[in-house]
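So that the names make sense, note that chain A is the first sequence line, chain B the second, and so on, each numbered from 1.
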2 protein chains.
Amino acid sequence: MIDKTSPMPLYFQIEEAIKQKIDKGEWESETMIPSEREFAENYEVSRMTVRQAINNLVNDGYLTRQKGKGTFVSAKKIEQKLLGLTSFTEDMKSRGLRPASRLISFQKTTAENRVAKALEIKEDQIIYEIKRVRLANDIPMAFETTYVPSDLLELNESHIKQGSLYSEVENAGFVIDYATQSLEASISREAESEILEITKGAAVLLIKRQTYLTTGRPLELVQSVYRGDRYKFMIDMKR
Amino acid sequence: MIDKTSPMPLYFQIEEAIKQKIDKGEWESETMIPSEREFAENYEVSRMTVRQAINNLVNDGYLTRQKGKGTFVSAKKIEQKLLGLTSFTEDMKSRGLRPASRLISFQKTTAENRVAKALEIKEDQIIYEIKRVRLANDIPMAFETTYVPSDLLELNESHIKQGSLYSEVENAGFVIDYATQSLEASISREAESEILEITKGAAVLLIKRQTYLTTGRPLELVQSVYRGDRYKFMIDMKR
DNA sequence: TATAACTAGTTGTCTATACCAGTCAGAAAA
DNA sequence: TTTTCTGACTGGTATAGACAACTAGTTATA
């Protein structure tokens, strides 16, 4: 499992071995992984070498250490890293609210000019268009429209209904690299007012997000209309 | 400089010592810092301990290593990270607009409850209250109110008019550590409408920012009302 | 029974040492 | 003069061991 004659550093090999077990689901979230001393004995390396491997994985967010207890597999990675940026679900949970979604429509269609530009595709290319109402404690919070190029992923309604779009992205072997987001204040139009259960002309927060893969290709364009009276966008910038 | 009897880990003390030299400007960007072996000898600790300190600073983006050459101070970090978060001026410049300010009022007053809580001071404590209109290409963009505890800094009108508040902070030897920000959509009230030259009831973006020093003390509370029709808040999340 | 002390297991900190792998300048050889 | 080599520097990898700090369960004690 570990090749001491390889030019690859031992700690790196151990790192990959652990990452694989996590990615393959052998070690699930919250699982305690073997202790540093166990690793050291099994792989016949020093404990410090094991620590270097684990340290890197902790820095990358794969693992969490707890003094006196052990080292544990972190919750899913993408959700953590782009927290608040990608996931309505996580955003609401962190505020102590119960998130839910109601699918309004799901269809394949051709990209109109504005969307095509954002997704860097041709105007007549087929895309998925997903419209959802996002709820917190059963109160409508936002109206969200997502656009995804259909040549990237194979999607159907059940994917959207039960799980995260991002787990599908992962399954397809794609990795999200970064996202850009814009926020602006506006006044609700007729269409949104009804769905969000607010009066026409009420304040709304328009959030537009574009997510990019490590390949450089845009994965999605998400446009959300949040209720101004119920939603506050929070952001922390450290050091 | 390093206290071996302290309960603080040695690597942490070394970390802080290096950070200080960087923050104080003693070691500028691109400067090569002493080698790991030098540190070890000077502080009378093992090289591995020095490496742990440096590793953390590399992970935090303060330093970069180059095998065979040395370890170097990274380009300025605070400006990078907090850019667009702290400075209206920089924000506008990056959009190709010409920023300007018009001072509406500058006074010493006592903190009301809400402000006192945010600044973590007592309700009757003296604070500066600075009200400004922020302009971009001579068009009113935002109405900004800043609150700063008066025991932290000595401020007067000319400080505000000519320069940045932040250069005063620096002069006083303080270092900004992090900031939290919230954004929400609302409807303009009478008072702002006039100043921002918009109709009452137009969409506005309320931005509230709290800035904290490395000492843990809040430096300022800033409340801004941005015109919804002219301002879009942009944010990039990488990795 | 309730509390205190112990114990085995965990990660955290630290040492002293060794050798490997790039970098660069100056000495030696062509 | 130009090229090559050598040596002294840098950070990178790895070892073996020690003790501290914390956790949780067990055992001894009041």
Side-chain angles (χ1 to χ4, degrees), chain A residues 1-19 21-22 27-75, chain B residues 1-19 21-22 27-75:
Chain A
M1 206 148 189
I2 296 296
D3 177 8
K4 290 219 180 192
T5 68
S6 157
M8 293 297 218
L10 295 180
Y11 73 86
F12 183 78
Q13 295 182 46
I14 296 171
E15 226 179 292
E16 291 301 313
I18 295 176
K19 237 194 279 189
K21 294 233 181 194
I22 296 174
W27 291 340
E28 292 182 6
S29 285
E30 315 302 317
T31 308
M32 179 173 149
I33 69 171
S35 76
E36 296 174 353
R37 286 177 175 84
E38 274 180 79
F39 271 122
E41 204 170 329
N42 290 339
Y43 289 139
E44 295 182 315
V45 297
S46 83
R47 191 182 145 217
M48 287 305 259
T49 302
V50 173
R51 275 184 72 78
Q52 188 168 359
I54 291 180
N55 271 336
N56 289 340
L57 293 174
V58 168
N59 278 329
D60 285 353
Y62 284 94
L63 300 174
T64 334
R65 316 181 97 124
Q66 274 177 261
K67 200 202 287 196
K69 296 180 79 173
T71 304
F72 303 83
V73 177
S74 306
Chain B
M1 206 144 189
I2 296 297
D3 177 8
K4 291 219 180 189
T5 69
S6 159
M8 295 297 219
L10 296 180
Y11 71 86
F12 183 78
Q13 295 183 45
I14 296 171
E15 227 179 292
E16 291 300 314
I18 296 175
K19 238 195 274 190
K21 295 233 179 193
I22 295 174
W27 291 341
E28 293 183 4
S29 286
E30 315 301 320
T31 307
M32 179 173 150
I33 69 169
S35 75
E36 297 174 354
R37 287 171 178 85
E38 271 180 81
F39 271 121
E41 204 170 330
N42 289 338
Y43 288 139
E44 295 182 318
V45 298
S46 83
R47 191 180 146 215
M48 288 305 268
T49 302
V50 174
R51 277 184 69 79
Q52 189 170 359
I54 291 179
N55 270 335
N56 290 341
L57 293 174
V58 168
N59 278 328
D60 285 352
Y62 284 95
L63 301 174
T64 35
R65 316 179 99 124
Q66 284 183 53
K67 199 200 293 195
K69 297 180 82 173
T71 303
F72 303 83
V73 178
S74 308

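Contact between the side-chain N/O atoms of A/K69 and the OP1/OP2 oxygens of D/dA24 is found at a separation under 4.0 Å. The phosphate of D/dG11 has OP1 or OP2 within less than 4.0 Å of a side-chain N or O from B/T71.
Backbone-only engagement by B/E38 is indicated by non-hydrogen atom pairs under 4.0 Å involving sugar-phosphate atoms exclusively.
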For nucleotides 12-16 of chain D, tabulate all protein N/O to nucleotide N/O atom pairs closer than 3.5 Å, reporting atom names and distance.
| from | atom 1 | to | atom 2 | distance (Å) |
| --- | --- | --- | --- | --- |
| D/dG12 | OP2 | B/R51 | NH1 | 3.2 |
| D/dG12 | OP2 | B/R51 | NH2 | 3.4 |
| D/dG12 | OP2 | B/R65 | NE | 2.6 |
| D/dG12 | N7 | B/R47 | NH2 | 2.8 |
| D/dG12 | O6 | B/R47 | NH1 | 2.9 |
| D/dT13 | OP1 | A/Y11 | OH | 2.5 |
| D/dT13 | OP2 | A/Y11 | OH | 3.0 |
| D/dA14 | OP1 | A/L10 | N | 2.5 |
| D/dA14 | OP2 | A/L10 | N | 2.9 |
| D/dA14 | OP2 | A/Y11 | N | 3.2 |
| D/dT15 | OP1 | A/K4 | NZ | 3.4 |
| D/dT15 | OP2 | A/S46 | N | 2.9 |
| D/dT15 | OP2 | A/S46 | OG | 3.4 |
| D/dT15 | OP2 | A/T49 | OG1 | 2.5 |

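Side chain of B/D60 to main chain of B/Y62: no donor-acceptor pair is present (N/O by atom type, distance under 3.5 Å, no hydrogens or angles).
Nearest heavy-atom pair across A/S46 and A/A40 is C-CB, 4.0 Å.
Residue B/I14 contributes atom CD1, which lies 13 Å from atom P of C/dT13 at whole-angstrom precision. One interatomic measurement links the two molecules: CD1 of B/I54 to C1' of C/dC14, which rounds to 16 Å at whole-angstrom precision.
Taken from CG in A/N59 to CG in B/N59, the straight-line distance is 4.0 Å, to the nearest 0.5 Å. Distance CD/B/Q13 to NZ/B/K4: 10.0 Å, rounded to 0.5 Å.
No more than 12 heavy-atom neighbours from other residues, nucleotides or ligands sit within 6.0 angstrom of CE on A/M8.
Under the side-chain contact (heavy atoms from CB on, under 4.5 Å) rule, B/Y11 has a single partner from B/T49, B/I54, B/N55, which is B/T49.
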